[in-house]
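Read the structure below first, then the notes.
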Amino acid sequence: MSKTKLGVLISGGGTNLQAIIDACESGRLDAEIVLIVSNASKAYGLERGKNHGINTLVSRNDEQIRDAFKESGAELLVLAGYLRTVTPTLIDAYPDRIINIHPSLIPAFAGKGYYGIKVHEGVIKRGVQITGATTHLVNDELDEGRILRQESLRVHPEDTAETLQQRVLEIEHKILVETIQQMIGEI
Ligand code: GRF
């Protein structure tokens, strides 16, 4: 049984990418990352990939990105802290094969304007007591695809957006690997 080939898209620090790299290397994921694409040339996640001998590409052109993933043999794409909107060019090339991780319990604090730290700022401002993370399939509507996995946590009274983000990130890393494992079993 050959390993499932993953394509990962990032925009920033790449801690979700690192969680996938670690899971592949430890054998927890029967997969290998064949290409990492970033829209941002300075994304530290690119360094993480290079440190593990994984090919990387910086691009904002979905035709170029689609062709690069197809060329690499990627079968499943993962948006791991990817801040650009994926266009139908990429979605049509990978129907029901693009996973996104969002740092809230969708539909709460999701959609336009809710990304990264802004999600947690919204949670703190609204005073909700439970938040968490969600993985879902990517379709043409931002953060609207079929929900795959969610895990919740309690917001502490003393939490700031920053302290909350750190705790939610740990859940993101956990459910992202679990979601990829689940999807590998289905393709
Ligand atoms: C984080 O805010 C995370 O919640 C969201 O994207 C941001 C960067 O994640 N998914 P990463 O460290 O680049 O994976």
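For the numbers below, each heavy atom of this structure counts, side chains included, while hydrogens, waters and symmetry mates do not. Remember, it's 1-based here, ligands and their atoms both numbered in the order they're listed.
Nearest to atom 12 (O) of ligand 1 among the protein's heavy atoms is Thr15 OG1, 2.6 Å. Looking only at protein heavy atoms, the nearest one to atom 1 (C) of ligand 1 is Gln165 NE2, 3.8 Å. Among all protein heavy atoms, the one lying closest to atom 9 (O) of ligand 1 is Asn16 ND2, 3.7 Å. In this structure, atom 13 (O) of ligand 1 lies nearest to the protein heavy atom Gly14 N, 2.8 Å. For atom 7 (C) of ligand 1, the closest non-hydrogen atom on the protein side is Gly81 CA, 4.4 Å.
Between the side chains of Glu63 and Thr89, at least one donor N or O sits under 3.5 Å from an acceptor N or O.
Close approach of ligand 1 to Pro103 is summarised as follows: ligand atoms under 4.0 Å from at least one heavy atom of the residue are 4 (O). Of all atoms in ligand 1, numbered sequentially from 1 with element shown, those under 4.0 Å from a heavy atom of Glu172 are 3 (C), 4 (O), 5 (C), 10 (N). Within ligand 1, counting atoms from 1 as listed, the ones closer than 4.0 Å to a heavy atom of Gly116 are 2 (O).
Residues Lys174 and Glu170 are not paired through a salt bridge, judged by the lack of any N-O separation under 4.0 Å between the basic side chain and the carboxylate. Using a cutoff of 4.0 Å between basic side-chain nitrogens and carboxylate oxygens, Arg84 and Asp62 are scored as salt-bridged. A salt bridge is absent between Asp96 and Arg146; no separation between the charged side-chain nitrogens and carboxylate oxygens falls under 4.0 Å.
Judged by distance alone, the side chain of Thr163 and the main-chain N or O of Asp159 form no donor-acceptor pair under 3.5 Å.
Counted within 6.0 Å of CD on Glu186, heavy atoms from surrounding residues, nucleotides or ligands total more than 12; the atom is thus considered enclosed.
Within the structure, ligand 1 lacks Gly45 among the residues with a heavy atom less than 4.0 angstrom away.
Each salt bridge (Lys or Arg N to Asp or Glu O under 4.0 Å) pair with one or both residues in residues 22-36, not counting sequence neighbours, appears once here: Lys3-Asp30, Lys5-Glu32.
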